[in-house]
Amino acid sequence: MAWTYGLLDAMKDPRLQIHNDYDIVIIKDCYPKAEVHFLVLPWKNIPSIKDLTGSHLPLLKKMDLKGREIAREKGGGRKFKFGYHAEPSMKRLHMHVISDDFNSVSLKTKKHWNSYTTGFFIPSEKVIKDLESIGRVNLPSTSQCSLNLKTPLKCHKCSYLPGNMPALKLHLAKHVE
DNA sequence: GTTCTAGAAC
DNA sequence: GTTCTAGAAC
């Protein structure tokens, strides 16, 4: 499927690049799911989080550090999440740098929501800790991933349980103000 | 990953 | 009748 390789073109596009050096690039997500949403990618051909080993630690620590730096510089004081999807749809390892308002017209589905707010989202710190301790990332199983994505909607900041996506989006607006 | 839309849910 | 979601896309 051609669309799974979309990020390989996007990361080369200077119009999307926020930062670019010899081993990593940071781009704006083309369909941001929050007010600020960047992707940190290595130039090295690492297809997915499943391919990571201890040898990637220096690179992952740099991606983490640069991601936090960009969030500080471009985040306008917003709070951020840093991490990876357990089962990404697109090729090339990419770390999400996403502001925790989730205020975006591109946030449309339950899958979108649950991919950032359940165990489907693997924080960057955990990826690094797993590689340091066991030399690989301990990921949820395929069935655990599927359950995470189908979990009933829940607000990430309070106990509110929205009945559907429009209700969630109305509720999120209250946390922003 | 998105777009589109049938039919479920209300 | 309208809103919303889930699944196909050759």
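Letters A, B, ... are given to chains in the order of the sequence lines, protein chains preceding strands, and every chain is numbered from 1. Note that this is a predicted model, so its numbers are computed, not measured.
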>> One thing to verify: whether A:E69 and A:R72 come together as a salt bridge, which I'm taking to mean a side-chain N less than 4.0 angstrom from a carboxylate O.
In response: no
> Does a donor on one side chain and an acceptor on the other come within less than 3.5 Å for A:S115 and A:H85?
Replying inline: yes
Write down the protein N/O and nucleotide N/O pairs, taken from nucleotides 6-10 of chain C, whose separation is under 3.5 Å; answer none if there are no such pairs.
none

> Atom OH of A:Y5 to atom C1' of B:dT2: distance rounded to whole Å?
Replying inline: 18 Å
> Given atom CG of A:L7 and atom P of B:dG1, what is their separation to the nearest angstrom?
Replying inline: 10 Å
> Phosphate oxygens OP1/OP2 of B:dT2: is one of them under 4.0 Å from a side-chain N or O of A:H112?
Replying inline: yes
>> Check A:E125 with A:R68, please: is the shortest side-chain N to carboxylate O separation under 4.0 Å?
In response: yes
> Rounded to whole angstrom units, what separation is found between the CG atom of A:L153 and the C1' atom of C:dC4?
Replying inline: 12 Å
>> What is the distance, to the nearest angstrom, from the OH atom on A:Y31 to the C1' atom on B:dT2?
In response: 6 Å
> In Å, rounded to the nearest 0.5 Å, how long is the span from CZ of A:F82 to OG of A:S124?
Replying inline: 8.5 Å
> Hey, any chance A:V36 and A:L107 share a hydrophobic cluster, counting ILVMFWY side chains that come within less than 4.5 Å of each other, even indirectly?
Replying inline: no
> Could you state the CE-C1' distance from A:M11 to B:dG1, rounded to the nearest angstrom?
Replying inline: 16 Å
> Reading DNA chain B 5' to 3', how would its secondary structure be written in dot-bracket notation, given Watson-Crick and G-U pairs with both distances under 3.5 Å, brackets [ ] for crossing pairs and | for partners on other strands?
Replying inline: .|||||||||
> Under 4.0 Å: is that the gap between some side-chain N or O of A:K108 and OP1 or OP2 of C:dC4?
Replying inline: no
> Out of curiosity, does A:I46 fall in the hydrophobic cluster containing A:I128 (side-chain heavy atoms, cut-off under 4.5 Å, transitive links)?
Replying inline: yes
> At under 4.0 Å between heavy atoms, what does A:P166 touch on the DNA or RNA strands: base, sugar-phosphate, or nothing?
Replying inline: sugar-phosphate
> Between B:dT2 atom C1' and A:H37 atom NE2, what is the distance in whole Å?
Replying inline: 15 Å
> How close or far is atom P of C:dT5 from atom CH2 of A:W113, stated in whole angstroms?
Replying inline: 14 Å
> With the threshold set at 4.0 Å, does a side-chain nitrogen-carboxylate oxygen contact exist between A:K62 and A:D23?
Replying inline: yes
> When A:H96 is tested against each of A:Y116, A:F102, A:Y84 for ring pair (Phe, Tyr, Trp, His ring centres under 6.0 Å), which residue passes?
Replying inline: A:Y116
>> Nearest whole Å is fine: how far is B:dT3 C1' from A:M1 CE?
In response: 16 Å
> Thinking salt bridges, do A:K157 and A:D101 make one under a 4.0 Å N-O criterion?
Replying inline: no
